[in-house]
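Reviewing the structure listed below.
For the numbers below, each heavy atom of this structure counts, side chains included, while hydrogens, waters and symmetry mates do not.
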Amino acid sequence: MTVFNPVRALGRGVLSLLRSIGAIAIFAGHTIQAIIGPFFFGQFTQQLVRIGFLSLPVVGLTALFTGAALALNIYVGGERFNAESFVPNIVALGIVRELGPVIAALMLAGRVSSGIAAEIGAMRATEQIDALHTLTIDPMRYLVVPRVLAGIVVLPLLVLVADVVGIFGGFLVGITTLEFDPTVYVRNSADIIERWDVISGLIKAAVFGFLLTLMGCYHGYHAQGGAQGVGRAATHAVVSAAMLIFAANFILTSMFV
């Protein structure tokens with residue numbers, strides 16, 4: 001019978017994964033359903049500041065160094081094929097279509113998803129969510145919807161900032177280290193970017209914003225076990241948000257391409 005133990009463990013793992021996917025899908029459905037109804041505008045504006053404005057420094061710095069490092073790596077690779085002149089084009093296109101949305105989303109997954117999970121998880125542990133039920137306030141509308149909508153609205157704006165700052169980081173390296181002409185660098189970067197490149201990145205950002213805030217709300221809402229449960233919820237929120245971001249990025253890229 002010990003021969004079947006690995007098979008049983010695999011089956012339990014698959015069933016647990018399917019249960020988790022189903023529970024997340026149901027939670028997402030309830031969130032979308034809760035959008036229709038009373039709207040807590042104060043909570044929404046508060047989350048706009050927390051998720052958006054307070055995330056600007058980390059997103060900006062990450063995009064700056066990413067653009068700079070990308071320019072250096074592309075120059076080294078292009079030098080082998082005498083294609084150094086394509087550095088501005090590839091940096092701009094790579095950041096706008098791919099790296100800007102993904103990096104901004106991953107930064108917010110670490111900062112926002114964990115924070116949301118910890119905050120709502122602490123409310124669950126201290127029975128504040130039960131108190132909302134007592135006051136006839138729907139926790140989904142009061143806690144989840146404002147955060148999810150704020151993530152959908154804010155992340156595209158942060159991605160626009162990340163795109164500009166990331167391209168600027170590549171520009172700084174290009175003119176100071178790689179000896180590009182500033183005018184030529186700017187012209188090549190602007191010529192390669194089309195309207196759909198920017199729009200596709202913003203669509204990705206909105207989807208990523210929905211996923212990372214949803215994961216924070218889901219794990220925080222279902223946190224159990226006191227302080228340790230809150231810590232687990234924050235960890236699981238970051239991991240699941242990052243995995244969903246990568247999976248959604250592949251699916252969306254396949255659709256857009």
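For the pair Ile152/Val148, a side-chain contact is recorded, criterion being any heavy-atom separation below 4.5 Å from C-beta on. A 4.5 Å side-chain heavy-atom check between Val144 and Phe27 finds at least one atom pair inside the cut-off. Using a 4.5 Å heavy-atom cutoff, the side chains of Pro182 and Phe171 are in contact. At a threshold of 4.5 Å between non-hydrogen side-chain atoms, the residues Cys217 and Thr31 do not count as touching.
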Would you list the atom pairs, donor with acceptor, under 3.5 Å between side chains in residues 155-167 and any protein atom, with sequence neighbours excluded?
none

Distance-only check: which donor-acceptor pairs under 3.5 Å involve side-chain atoms of residues 218-233, not counting sequence neighbours?
residue, atom, partner, partner atom, Å
His219, NE2, Ser240, OG, 3.1
His222, ND1, Tyr218, O, 2.9
Arg232, NH2, Gln224, O, 3.3

Between side-chain atoms of residues 93-103 and protein atoms elsewhere (two or more places apart, or another chain), which donor-acceptor pairs fall under 3.5 Å?
residue, atom, partner, partner atom, Å
Arg97, NH1, Asp197, OD1, 2.7
Glu98, OE1, Lys204, NZ, 3.1
Glu98, OE2, Asn249, ND2, 2.4

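What you find for Ala104 and Val59 is that their closest heavy atoms are CB-CG1, 4.1 Å. Annotation for Ala237 and Gly216: closest pair CB-CA, 4.0 Å, computed over non-hydrogen atoms. Heavy-atom minimum distance, Val154 versus Gly52: CG1-CA, 3.1 Å. Between Ala92 and Ile193 the shortest heavy-atom distance is CB-CD1, 3.8 Å. The two atoms that bring Ala150 and Ile51 nearest to each other are CB-CD1, 4.0 Å, heavy atoms only.
Shown here is Gln46, whose CD atom has more than 12 heavy atoms of other residues, nucleotides or ligands within 6.0 Å. For Phe40, the CZ atom sits in a packed shell: over 12 heavy atoms of surrounding residues, nucleotides or ligands are nearer than 6.0 Å. Around the CD1 atom of Ile21, the shell of radius 6.0 Å holds more than 12 heavy atoms that belong to other residues, nucleotides or ligands. More than 12 heavy atoms of other residues, nucleotides or ligands sit less than 6.0 Å from atom CZ of Phe39.
Under the 4.5 Å side-chain heavy-atom criterion for grouping Ile, Leu, Val, Met, Phe, Trp and Tyr, Val145 is connected to Phe41 within one hydrophobic cluster. Under the 4.5 Å side-chain heavy-atom criterion for grouping Ile, Leu, Val, Met, Phe, Trp and Tyr, Met140 is connected to Leu135 within one hydrophobic cluster. Linking Ile, Leu, Val, Met, Phe, Trp and Tyr residues whenever their side-chain heavy atoms come within less than 4.5 Å leaves Phe65 and Ile90 in two separate clusters. A single hydrophobic cluster is seen to contain both Leu56 and Val58, as judged by linkage of ILVMFWY side chains at heavy-atom distances under 4.5 Å, directly or through other members. Tracing side-chain contacts under 4.5 Å through hydrophobic residues (I, L, V, M, F, W, Y), one never reaches Leu70 starting from Val76; they form parts of separate clusters.
Of the inter-residue distances, the one linking Met215 atom CE with Ile116 atom CD1 reads 11.0 Å to the nearest 0.5 angstrom. To the nearest 0.5 Å, atom CG of residue Leu178 and atom CG of residue Leu72 are 5.5 Å apart. Met123 contributes atom CE, which lies 6.0 Å from atom CD1 of Ile129 (distance to the nearest 0.5 angstrom). To the nearest 0.5 Å, atoms CD (Glu119) and CG (Leu143) are separated by 8.0 Å. Taken from OH in Tyr142 to CG in Leu132, the straight-line distance is 7.0 Å, to the nearest 0.5 Å. The distance from atom CZ of Arg147 to atom CZ of Arg50, rounded to the nearest 0.5 Å, is 6.5 Å.
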Before giving the answer on side chain to side chain contact (heavy atoms under 4.5 Å, CB included), spell out for Thr177 and Tyr75 the whole-Å C-alpha distance, their side-chain angles and the decisive distance to 0.1 Å. CA-CA 11 Å; Thr177 305; Tyr75 183 84; over 6 Å; no
From CA spacing to verdict: side chain to side chain contact (heavy atoms under 4.5 Å, CB included), Leu106, Phe208: CA-CA 9 Å; Leu106 290 177; Phe208 297 162; over 6 Å; no
Passes side chain to side chain contact (heavy atoms under 4.5 Å, CB included), Arg111 versus Leu54? Steps please. CA-CA 10 Å; Arg111 181 186 178 276; Leu54 298 181; 3.1 Å; yes
Dump the intermediate steps for side chain to side chain contact (heavy atoms under 4.5 Å, CB included) on Leu244 and Leu212, then the final yes or no. CA-CA 8 Å; Leu244 286 177; Leu212 67 90; over 6 Å; no
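Every residue meeting the salt bridge (Lys or Arg N to Asp or Glu O under 4.0 Å) condition with Asp138, not counting sequence neighbours, appears here in chain and number order: Arg141. With sequence neighbours left out, the ring-ring contact (aromatic ring centres under 6.0 Å, His included) criterion links Phe53 to no other residue. Partners of Phe256 according to the ring-ring contact (aromatic ring centres under 6.0 Å, His included) rule, which considers only residues two or more places apart in sequence or in another chain, are Trp196.
Of the possible polar contacts, none joining the Ser16 side chain to the Arg12 backbone as a donor-acceptor pair under 3.5 Å is found.
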